[in-house]
Structures are given as C-alpha cells and as structure tokens.
Amino acid sequence: MFKNFFGYELVKEYQTKRADKRDSKVDSKIIKLAISVIVSLVLWNIPIDSFGIPGLTIVEQRVIAVFAFATLMWLTEAISSWATSVTLIVILLFTCSTSGLWLFTADTSTTPLGELIGYKSLMYTFADPIIMLFLGGFILAIAATKTGLDVLLAKVMLKPFGTKPSNVLLGFIMATGIFSMFLSNTATAAMMLTFLTPVLKSLPADGKGKIGLALAIPIGANIGGIATPIGTPPNAIALKYLNDPAGLNMNLGFGQWMMFMLPFALLVMFLAWILLLKLFPFKADKIELNIEGETKTDWRSIVVYVTFAITILLWVCDKITGVNSNVVAMLPVGVFCACGIIKRSDLEEINWSVLWMVAGGFALGVAMQDTGLAKHMIESIPFNTWPALLMIIGSGLLCYALSNFISNTATAALLVPILAVVGTAAAENLAPLGGVSPLLIGLAMSASLAMILPISTPPNALAHATGMVEQKDMMRVGLIMGIVGLVIGYAMLIMIGKMGIL
C-alpha cells in the first residue's frame, strides 16, 4: 500500500488488525498446516494406480500432490496466499523440474518418471507478461498518488452529482468503480472511504443512508475491477490462459475486454445504487462534499497526467495500434523512472505479494501442461459428454462460493488452469455457447462478485471497519448483488459468445 495514499492509515489499521487476529490463531494455523502437509504427502506416496488415471507418471503424481497442498493452504490460509504461491514454485523447482535434486530426477523406479518441467518455464512465471501488466498498473497508481491526480479525478468525478443524497450515493459508487478499473481495489476503497468520512459525519445519526454510502465503496471497488484486465488479478489470470500462444491463443485485447465488461460493470453498479436506495433510504435532503487534497502542477505532474492519458488510450486501442496491453504497461514504468517521478523508495510500495500470488497460479498451470497431467486428465474424464451450460454456470457458482471465503486471486489461480484444460477438451461441446471464453471470463467475473462477508475482500473489510456496516447488511446486499451480477453476466457472456463477438 502506498504511504502517501489517501486512506493509508485506514489500510494500515486493517492490516494490523488482521495481523493481531492471525497471531491469536497460531495454534489453529499449525494444525491446518500439518493437515495440508499430511494430505499432500499421502497423495505424493500412495500407489499411482489409486488415482485411476491411465498413463499417470511419477512427476504427474507429484504435481497432483503439490496442487492439493496449494488448494488446502489457500483455503485454510495456514500461511499467507502469496507465501503459498512462492512455496509451491520452490517445491516444483526442486522436485519436478529439469534442474531438480538428483533424488527426484533420477529414473530408478519401475513406474515411468515422466516429463520433467523446464526450470526456466517455472521461473519465468515471476516475470510473465501479465505480471508486467500489473506492474505497470501499480506504477501508474503510485505516480497518480504522488502528484494528486487521484484527488483531482475524485473531485471531477463527484462534482456533477451535486448535493442530493441519492445522487451523491451514485457518485461514490461510480467514482469508486472507475478508480478500481485502473488502481488497486483496496487502495481505491481506502481513498474513497477517507473522502466519505466527513460526509458520514454530516448525516443524521439515526438515518440508514450512512449504511448505503459505506456499502457503496466496496460494491464500487469490487464491481468496477471487472471492467478492465488490470482491474483485479482474476481478470489477468483468465486473460493469460485465453491468450496463451501455446494454448487457446485467442488474442483477446484490452479494449475488446472493456467493450463488453465495462457496460456490464456500469449496469451492475447502477442496479446496486437502486438497491442501496431501497434498503437504506436517506433522511437528509442535502449532502455537502468536501474533498481535501493538493493537486500539483509542476512539470513532473504534467508528465504523469499526459502519460496516464496516453497509457489508457493505448490500452483501449491496442487492436488498432497493434501494441499489446502488456507492452503498453511498460510505458509508464519507463517514463516515470527516467523522469525521476518513481524513485527506489517507491518500488517498496508496490504490492509484490499480489504479483507473487498470481505467479503461483501460473506455475501450477505450467506444471499441469508440461508434465502431461492436463492431457491425461482430458483423456480420463469425458468432458465432452457434459452439458455445456452446466459446465459454464456450475464452474462460476463454485468460484463464487469459494471467493466469498478465500482470496479471489487464490480462487482464480486454483480454478482457471483446470477449467482451461477442461474447456480445451470440451471445445466442441462449448462452441454453441461461445466456446471457452465465457467459461474463463465467467470465472473472473464470479470471483469479483463474491462479497457477502467482511472477509470476502479487503474493500469489504475496510467498509466494515468504519462501524457503519453490520455483517447482516453486508451479507444481504452482497448476496443480492452476487445473484443479480451472475445472472446478467452469464446471460451477456453466452449471448455475445453465440454472436461470435468473443
């Protein structure tokens, strides 16, 4: 998190509370860790015939064990999600790669050892083009914060909504959503909650409108992130597998993603506004907005403003320019570093844990593909006999359920590699509904729509920390918005899939 970002103290307090909570559950986490390790070791060592997958090799069995380890660790959070990702990559490097320990790479068993993973392929996941896309987004966010661009944009976005309570509520939802399309959801929520604090104080103590305004921030942050490939990690993970030259190779661009996901996000945010007005009506007739903050006008700030605009324009027009979004993301990195806008100390503020978390999911995908496990899964499970609609919607519901309790990034990193394999196997079956695209994009969308609990997403936790939102209110609104979003989202994905737009 950025120390000069509006709302930094709020995020810091949230992280401190989480750390205190973790410290109080050390014994529980040791038990969870022990269970995860034991289950993984059992899968690592049981007879290979027990899996019922013809042609399974020793290396593939190890990948299954590592996959189970990652799943259990992400579900239980015995250690942090990013630490789990790094750990699984290290395990794969030493036990399943071409540069692993002799003990694990020597073919001394009667059972075939199998295809080892190229160690470079695993290590490349730390610098995958999608990781660079996120890095560019983080650099943009830091620069915008340092120059006051975020405050300027907040003032500009909220000013048209006036002082009428219902309009101010819509303004906060939309402004938060637009910010979260390009900035960290957590940072956006923290910043907007800071702007909201004086507004909440000006409202009647017994009015329900306060609850609606506080909930507008996490709703806007969670839904807004769906609109762009960099809005939230699950989007980038899905895009990685959709565009993989060695896989689906669909060449889905930044602007193409926004063409259908931006209208969806705006529609769902508008429906959220109606829901919040219905559930939490205002008593006040007028709300005064007072957004404080300095907007700088020196030459470095002008460079940031211009580069920010050019970067977004190039992202949206990537199909026209021929420059893909990953390359475009390096433009602000190069410009800001060369101009001295981003300094060495600023690099410490990048959320590296998110990047490493995503890398772990990519590594699992590499392991499944390169060892041949994915191929054997396809051959052993008759995916082509499954109803296409059940496969698409069922996977989305599973993703939604998991994401309400664990990191949406972890959920996407867990499910997308599997469903990419499943989708490839069932491509013919899925074709009438748009192919593999609705399957994987639907997973990313479902992960972002999961927001029924304070623990579901950091923006939810930040809103709950204000004391204005009770868990029952968050659960009610989150569940309704989840159902509405899933229905509209899958209807849209299937419709444009049938039309051949995807």
Working to the nearest 0.5 Å, report the span between [atom1] of [X] and [atom2] of [Y].
X: Phe67; Y: Leu414; atom1: CZ; atom2: CG; value: 4.5 Å
X: Leu215; Y: Glu470; atom1: CG; atom2: CD; value: 11.0 Å
X: Ile219; Y: Ile223; atom1: CD1; atom2: CD1; value: 6.0 Å
X: Asn404; Y: Ile452; atom1: CG; atom2: CD1; value: 4.0 Å
X: Met474; Y: Leu479; atom1: CE; atom2: CG; value: 13.5 Å
X: Ile483; Y: Ile488; atom1: CD1; atom2: CD1; value: 12.0 Å

Going by heavy atoms in the side chains, are [X] and [Y] under 4.5 Å from each other?
X: Met250; Y: Ser437; answer: yes
X: Asp298; Y: Ile302; answer: no
X: Leu213; Y: Phe282; answer: yes
X: Met445; Y: Leu493; answer: yes
X: Asn249; Y: Asn243; answer: no
X: Pro281; Y: Leu277; answer: no
X: Met481; Y: Leu449; answer: no
X: Thr411; Y: Tyr400; answer: no

Between [X] and [Y], what is the shortest heavy-atom contact and its length?
X: Trp299; Y: Cys339; result: CH2-O, 3.7 Å
X: Ala143; Y: Ile342; result: N-CD1, 4.2 Å
X: Leu440; Y: Ala420; result: CD2-N, 3.8 Å
X: Leu252; Y: Leu239; result: O-CD1, 3.6 Å
X: Gln471; Y: Pro454; result: OE1-CD, 3.7 Å
X: Lys343; Y: Gly340; result: NZ-O, 3.1 Å

Sequence neighbours excluded, which residues qualify as side-chain hydrogen bond (donor to acceptor under 3.5 Å, both in side chains) partners of [X]?
X: Ser180; value: none
X: Thr87; value: none
X: Ser395; value: none

Open item on the list: Under 3.5 Å, is there a donor on one side chain and an acceptor on the other for Thr188 and Asn185?
Closed with: no

Task: Ion pair check, Lys164 and Asp285, cut-off under 4.0 Å - done: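 Between Asp285 and Lys164 there is no salt bridge, as every charged N stays at least 4.0 Å from the carboxylate O atoms.
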
Open item on the list: Does this structure show an ion pair linking Asp473 with Arg476, if we count only N-O contacts that are shorter than 4.0 Å?
Closed with: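 Salt bridge present between Asp473 and Arg476.
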
Open item on the list: Run Asp346 and Lys146 through side chain to side chain contact (heavy atoms under 4.5 Å, CB included) and show every step you take.
Closed with: CA-CA 10 Å; Asp346 294 319; Lys146 292 182 70 173; 2.7 Å; yes

Open item on the list: Here's a test for you: under side chain to side chain contact (heavy atoms under 4.5 Å, CB included), which of Ile142, Leu331, Thr307 qualifies with Phe336?
Closed with: Thr307

Would you find a donor on one side and an acceptor on the other, under 3.5 Å apart, between the side chain of [X] and the backbone of [Y]?
X: Lys210; Y: Met468; answer: no
X: Asn408; Y: Ser448; answer: no
X: Asn167; Y: Gly162; answer: no

[X]: what forms a ring-ring contact (aromatic ring centres under 6.0 Å, His included) with it, not counting sequence neighbours?
X: Tyr124; value: none
X: Tyr241; value: none
X: Phe126; value: Trp356
X: Trp74; value: none

TODO: For Arg300, enumerate each residue passing the salt bridge (charged side-chain N to carboxylate O under 4.0 Å, His left out) test, keeping only those at least two apart in sequence or located in another chain.
DONE: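 Here no residue qualifies.
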
Task: Listed partners of Lys278 passing salt bridge (charged side-chain N to carboxylate O under 4.0 Å, His left out), at least two apart - done: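 If we apply the salt bridge (charged side-chain N to carboxylate O under 4.0 Å, His left out) test to Lys278, skipping adjacent residues, there are no hits.
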
TODO: In sequence, state the C-alpha distance, the side-chain angles, and the governing distance for Ile89 and Val86, and then conclude on side chain to side chain contact (heavy atoms under 4.5 Å, CB included).
DONE: CA-CA 5 Å; Ile89 293 176; Val86 174; 5.9 Å; no

Task: Candidate pair Leu347 and Ile139, rule side chain to side chain contact (heavy atoms under 4.5 Å, CB included), full reasoning - done: CA-CA 8 Å; Leu347 298 179; Ile139 291 293; 4.2 Å; yes

- [ ] Using side-chain contact (heavy atoms from CB on, under 4.5 Å) as the criterion, list what pairs up with Asp128, not counting sequence neighbours.
- [x] Ile130, Ile131, Lys240, Phe362

Task: Of all pairs that satisfy ring-ring contact (aromatic ring centres under 6.0 Å, His included), the ones with a partner from residues 432-470, not counting sequence neighbours - done: none

TODO: Begin with the C-alpha distance, continue with both residues' side-chain angles, and end with the deciding distance and a verdict on side chain to side chain contact (heavy atoms under 4.5 Å, CB included) for Met391 and Leu430.
DONE: CA-CA 9 Å; Met391 191 183 302; Leu430 291 169; 4.1 Å; yes

TODO: Tell me, with the steps shown, if Thr232 and Asn235 meet side-chain hydrogen bond (donor to acceptor under 3.5 Å, both in side chains).
DONE: CA-CA 6 Å; Thr232 183; Asn235 294 2; 5.6 Å; no

- [ ] Among residues two or more places apart or on two chains, list those pairs meeting side chain to side chain donor-acceptor pair (under 3.5 Å) that have a residue in residues 219-230.
- [x] Asn222-Thr457, Asn222-Asn460

- [ ] Answer with yes or no after comparing the ring centroid distance for Trp273 and Phe270 against a 6.0 Å cut-off, counting only values under it.
- [x] yes

